[in-house]
Amino acid sequence: MSKLNVIAFDLGGVLFEANNDTNIFSDNYLETPIDPYILSLIHHLSHDKNNKLIIISKAFPKNARKSRELLKIHGIDEYFNSIIFCERREDKAKIAEAMHVNVMIDDTEEVLSHFPSSIRTILYKKGEEFEI
């Protein structure tokens with residue numbers, strides 16, 4: 001039996017494009033663009049039954065609701081086994097450990113600095129491809 005790979009994604013600056021990330025805070029949040037590379041990666045990874053995809057993102061309740069709505073409108077929510085929001089960036093590492101995450105993809109180096117070495121971290125910068 002193959003080992004389950006738990007791969008976690010941040011939203012703002014990863015799945016939601018960073019140059020328009022502030023849209024999630026405004027009335028036009030439904031126009032927040034989705035990063036095509038990350039969407040393609042998620043689609044590809046979701047076809048392997050040994051991968052469990054989750055979201056770990058910092059968002060207060062109102063913005064968490066908006067984020068879930070945006071994911072649903074784009075039909076992206078169906079790719080994820082869990083969607084978890086926290087109120088502090090440093091809590092992402094604790095959540096990742098509890099969820100047995102193998103890989104965390106985030107756009108903020110400071111966030112990734114809290115992760116233990118047992119979790120592979122990927123600092124995502126738009127336009128840069130990577131392998132999992």
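In this structure, D107 does not pair ionically with K125, as no charged nitrogen and carboxylate oxygen lie closer than 4.0 Å. With salt bridges taken as basic N to acidic carboxylate O contacts below 4.0 Å, one links E17 and K126.
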Exercise. Would N63 and Y29 count as a side-chain hydrogen bond (donor to acceptor under 3.5 Å, both in side chains) if you check the C-alpha gap in whole Å, the side-chain angles of each, and the deciding distance to 0.1 Å?
Worked result: CA-CA 9 Å; N63 292 329; Y29 68 94; over 6 Å; no
Exercise. Is there a side chain to side chain contact (heavy atoms under 4.5 Å, CB included) between L39 and I76 once you walk through the steps?
Worked result: CA-CA 8 Å; L39 182 58; I76 303 168; 3.9 Å; yes
Problem set entry | Trace of the side chain to side chain contact (heavy atoms under 4.5 Å, CB included) decision for I42 with L53 | CA-CA 8 Å; I42 288 167; L53 307 181; 3.9 Å; yes
For this session: List the steps and the verdict of side chain to side chain contact (heavy atoms under 4.5 Å, CB included) for I55 and D77.
Result: CA-CA 9 Å; I55 290 171; D77 60 332; over 6 Å; no
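Here the shortest heavy-atom pairing between L70 and T32 reads CD2-CB, 3.6 Å. The shortest heavy-atom contact between G13 and Y124 is O-CD2, 3.5 Å. Of all heavy-atom pairs between K92 and D10, the closest is NZ-OD1, 3.0 Å. Nearest heavy atom pair, residue I56 against residue V101, reads CD1-CG2, 4.2 Å. Shown here for Y37 and D35, the closest heavy-atom pair between the two residues is N-OD1, 2.9 Å. The two residues D91 and R88 make their nearest non-hydrogen contact at OD1-NH2, 2.8 Å.
Taking the side chain as every heavy atom from C-beta outward, N102 and V6 approach each other to under 4.5 Å. Counting heavy atoms from C-beta on, the side chains of I54 and I7 never come closer than 4.5 Å. The shortest side-chain heavy-atom distance between F85 and R68 falls under the 4.5 Å cut-off. Taking the side chain as every heavy atom from C-beta outward, I119 and E97 approach each other to under 4.5 Å. Contact check for I83 versus L71: side-chain heavy atoms found under the 4.5 Å cut-off. Between I34 and L15 the shortest side-chain heavy-atom distance falls below 4.5 Å. Side-chain contact check for K94 versus C86: every heavy-atom pair is 4.5 Å or farther apart.
Annotation: the span from S57 atom OG to I84 atom CD1 amounts to 11.0 Å, rounded to 0.5 Å. The distance from the CD atom of E90 to the OG atom of S113 is 9.5 Å, given to the nearest 0.5 Å. Taken from NZ in K62 to OG in S67, the straight-line distance is 12.5 Å, to the nearest 0.5 Å. To the nearest 0.5 Å, the span separating CD1 on I122 from CD on E128 amounts to 11.5 Å. Going from atom OG of S40 over to atom CD of E129 covers 9.0 Å, rounded to the nearest 0.5 Å. Between atom OG1 of residue T108 and atom NE2 of residue H114 there is a gap of 10.5 Å, rounded to the nearest 0.5 Å.
Not one N or O on the side chain of N28 forms a donor-acceptor pair closer than 3.5 Å with the backbone of E31.
In this structure, the ring of F9 has its center no less than 6.0 angstrom from the ring center of F16.
Linking ILVMFWY residues whenever their side-chain heavy atoms come closer than 4.5 Å, directly or via other members, leaves F60 and I95 in distinct clusters.
Just one of K72, R65, K66 meets the salt bridge (Lys or Arg N to Asp or Glu O under 4.0 Å) condition when paired with E69; it is R65.
Atom CD of E109 has 12 or fewer heavy atoms from other residues, nucleotides or ligands within 6.0 Å. The local environment of NE2 in H44 is sparse, with at most 12 non-hydrogen atoms from other residues, nucleotides or ligands closer than 6.0 Å.
Between Y79 and H43, the ring planes are perpendicular. Angles over 60° get that label, and only those under 30° would be called parallel.
N51 and N5 are linked by a side-chain donor-acceptor pair at a separation below 3.5 angstrom, with hydrogens and angles left out of the test.
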